[in-house]
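Below is one structure; the comments refer to it alone.
In this text the structure is predicted, and so the values were computed from the model without any measurement. Values below: every heavy atom of this structure, side chains too, minus hydrogens, waters and symmetry copies.
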2 protein chains.
Amino acid sequence: MADIDLLQKITSAAGLSRYGQIAAQLQARIVSGDWPPGEAIPAEGALAKEFGIALGTIRQAIAVLVQEGLLERVQGRGTFVRKGLSGASLMRFFRFGGADGATAVPRSEILSCRAVRLDKAMAERFGLPSGARGLAITRRRWLDDKPRLLESIWLPLPRCEALQQLPVWEWGDLLYPLLGSQCGITVHRAVDEVTFRTLAHDEADLLELPDAHPCAVVTRHAFDLRGTCIEYRLTRGDAFAFRYTADIR
Amino acid sequence: MADIDLLQKITSAAGLSRYGQIAAQLQARIVSGDWPPGEAIPAEGALAKEFGIALGTIRQAIAVLVQEGLLERVQGRGTFVRKGLSGASLMRFFRFGGADGATAVPRSEILSCRAVRLDKAMAERFGLPSGARGLAITRRRWLDDKPRLLESIWLPLPRCEALQQLPVWEWGDLLYPLLGSQCGITVHRAVDEVTFRTLAHDEADLLELPDAHPCAVVTRHAFDLRGTCIEYRLTRGDAFAFRYTADIR
DNA sequence: TAGTGGTCTAGACCACTTG
DNA sequence: AAGTGGTCTAGACCACTAC
């Protein structure tokens, strides 16, 4: 009992509750790949026994990671490591044509893909030194046989080197599953910023829209399980197809 | 014990856990005004005793309402009914000029305010019969001595009747605190939908922007504690001042 | 010092899923 | 039937806030 009290005081001094510490340890195992995405983690009872804590406490730790979106609980089946984002989530911002336009995956056409020197700002995003190398990709996305979105994507090297080996016609329509299978990167979180401007000449040409047509610009930072930025993306689409819903409080 | 088991079975049959039921009862007291916004609710121990349940269960019930945004817990002080939205939250979508533009409250200029017959769609939003009366308000909002936003607001009558009695020059810059003080309505949730279009002649005039200038349109449905829609608002602003950040997962 | 919420324990039984 | 998470109990002590 005295041991437990002492331990409690030490952890409190460190600024973390017991379940907070446990949550951090569980997170470490997920991040390290010890428990891969889609797999079940050990049962509550087993974990409680392993850490030498009560059931309620391990449940609290798990609840933290569920809240963070790292874990998913399913009654009767177990607790699972969440798979990464599908990547189709960018379409949340646009509604093109048909009724099922929201769910359909637009076809991807790679316009260019080459290794480049990252400028200072871009390298900093990826936590790399200035002048580090990256992959610069230009992509056009089609829906209903019409060009809908224009994307400029930057990825850090050498982390995404495997992509260079794979011919672009084998990439498929979604980047994130590709990052998972080829580079072992799970995209766990993305932050999108929306602004608005008019299209440049070349952009308008590629999107088959009039010159200086209004467009919505979505700037995305995507992060892996560790919280490291692993993608910077600039998406442009017809402003008049933009539609977004926000729920406040 | 047998009583408790029986009760458990009945409640399960009803599809609600014990803490779910308790949460519903607490919510009812909040909605009814029994526990007004900003006030503390009784302590956990007192509630547990009143409902004849364990501490952990009442805590779970409270957690539900915290998650819904109805309650707020503060260690050492108590659990409080959350006050409604301030109404300034619409500025989340726009960044005008200065650094503190995000926090500043724009000055409100009421252009018109009159009682009208609501059309079918509008009456349905408010849960009123077709042809019911409502208040139609046009408002222009200023920041840095420039017109920034144009708002068309509809409110249900007779719920908001008190507003008609008050001269518009005494309304102040924020609508929601006014709805609280004059009509006893707490705005607890809002759903905003963003689209883009170009300005009509009259709109461009009022915003001192060129004709057919691109604009962002925010369509808002606001709801009270009961979940009833109590405001429909259409806000228009310069598209080039639009900026919004979304965090995915 | 008294009262509040925050953390933690060591059990019990229930509901759901799978084999 | 066995294993999982979901609900609930009846306590204990700690950290924070206010008087």
Side-chain angles (χ1 to χ4, degrees), chain A residues 1-26 35 38-67 70-82, chain B residues 1-26 35 38-67 70-82:
Chain A
M1 265 318 188
D3 287 340
I4 289 178
D5 287 349
L6 181 57
L7 181 54
Q8 182 63 32
K9 281 203 178 96
I10 292 171
T11 63
S12 294
L16 261 186
S17 57
R18 189 78 143 271
Y19 73 80
Q21 292 183 299
I22 306 282
Q25 293 185 50
L26 299 185
W35 294 332
E39 297 273 298
I41 71 172
E44 295 176 344
L47 289 171
K49 198 175 160 194
E50 181 194 335
F51 288 108
I53 57 176
L55 256 178
T57 305
I58 192 67
R59 286 182 63 82
Q60 222 166 340
I62 290 174
V64 169
L65 300 184
V66 168
Q67 183 65 24
L70 279 166
L71 291 177
E72 199 167 9
R73 317 193 72 163
V74 185
Q75 169 158 168
R77 301 217 307 131
T79 303
F80 299 83
V81 179
R82 282 196 47 180
Chain B
M1 269 311 189
D3 286 340
I4 289 177
D5 287 350
L6 181 58
L7 181 55
Q8 182 62 31
K9 283 206 177 92
I10 291 172
T11 62
S12 295
L16 261 187
S17 57
R18 187 79 143 275
Y19 73 78
Q21 292 182 298
I22 305 283
Q25 294 184 50
L26 299 184
W35 294 332
E39 297 273 299
I41 71 173
E44 295 176 344
L47 289 171
K49 198 175 159 195
E50 181 194 333
F51 288 108
I53 58 176
L55 256 180
T57 304
I58 192 68
R59 284 182 65 82
Q60 222 166 338
I62 290 173
V64 169
L65 300 184
V66 168
Q67 182 66 24
L70 279 166
L71 290 178
E72 200 167 7
R73 317 192 71 162
V74 184
Q75 170 161 166
R77 300 218 307 134
T79 302
F80 300 82
V81 180
R82 280 195 47 180

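- Along DNA chain C, the nucleotide nearest to A:Gln75 and the one nearest to A:Ala54 differ in position, and the one closer to the 5' end is contacted by A:Ala54.
- When the nucleotides D:dT9, D:dG6, C:dC8 are ranked by their closest atom to the side chain of B:Thr57, D:dT9 comes out on top.
- Between A:Leu70 and A:Trp35 there is no side-chain heavy-atom pair separated by less than 4.5 Å.
- Between D:dG5, D:dT9, C:dG5, one nucleotide has an atom nearer to the side chain of B:Ile53 than all others, and that is D:dT9.
- Between the NZ atom of A:Lys49 and the C1' atom of C:dT9 there is a distance of 18 Å, rounded to whole Å.
- Side-chain atoms of A:Thr79 lie closest to D:dG5 of the nucleotides D:dC8, D:dG5, C:dG5.
- B:Ile58 places its CD1 atom 15 Å from the C1' atom of C:dT4, with the value rounded to the nearest Å.
- Atoms OH (B:Tyr19) and P (D:dT7) sit 3 Å apart, rounded to a whole Å.
- Taken to the nearest 0.5 Å, the CD1 atom of B:Ile62 stands 5.5 Å off from the CG atom of B:Leu47.
- Remark: P of C:dC16 and CZ of A:Arg73 are 16 Å apart, rounded to the nearest angstrom.
- The listed nucleotides are D:dA15, D:dG6, C:dC8; the one nearest the side chain of A:Ser17 is C:dC8.
- Atoms CD and CZ, on A:Glu72 and A:Arg77 in that order, are 9.5 Å from each other to the nearest 0.5 Å.
- B:Gln60 has its CD atom 15 Å from the P atom of C:dT7, to the nearest Å.
- In this structure, A:Ile22 atom CD1 and C:dC8 atom C1' are separated by 12 Å, rounded to whole Å.
- Atom-to-atom distance recorded for A:Arg73:CZ and A:Leu65:CG is 10.0 Å, nearest 0.5 angstrom.
- The CZ atom of B:Arg77 sits 9 Å away from the P atom of D:dT17 (whole-angstrom rounding).
- A:Glu72 has its CD atom 14 Å from the C1' atom of D:dG5, to the nearest Å.
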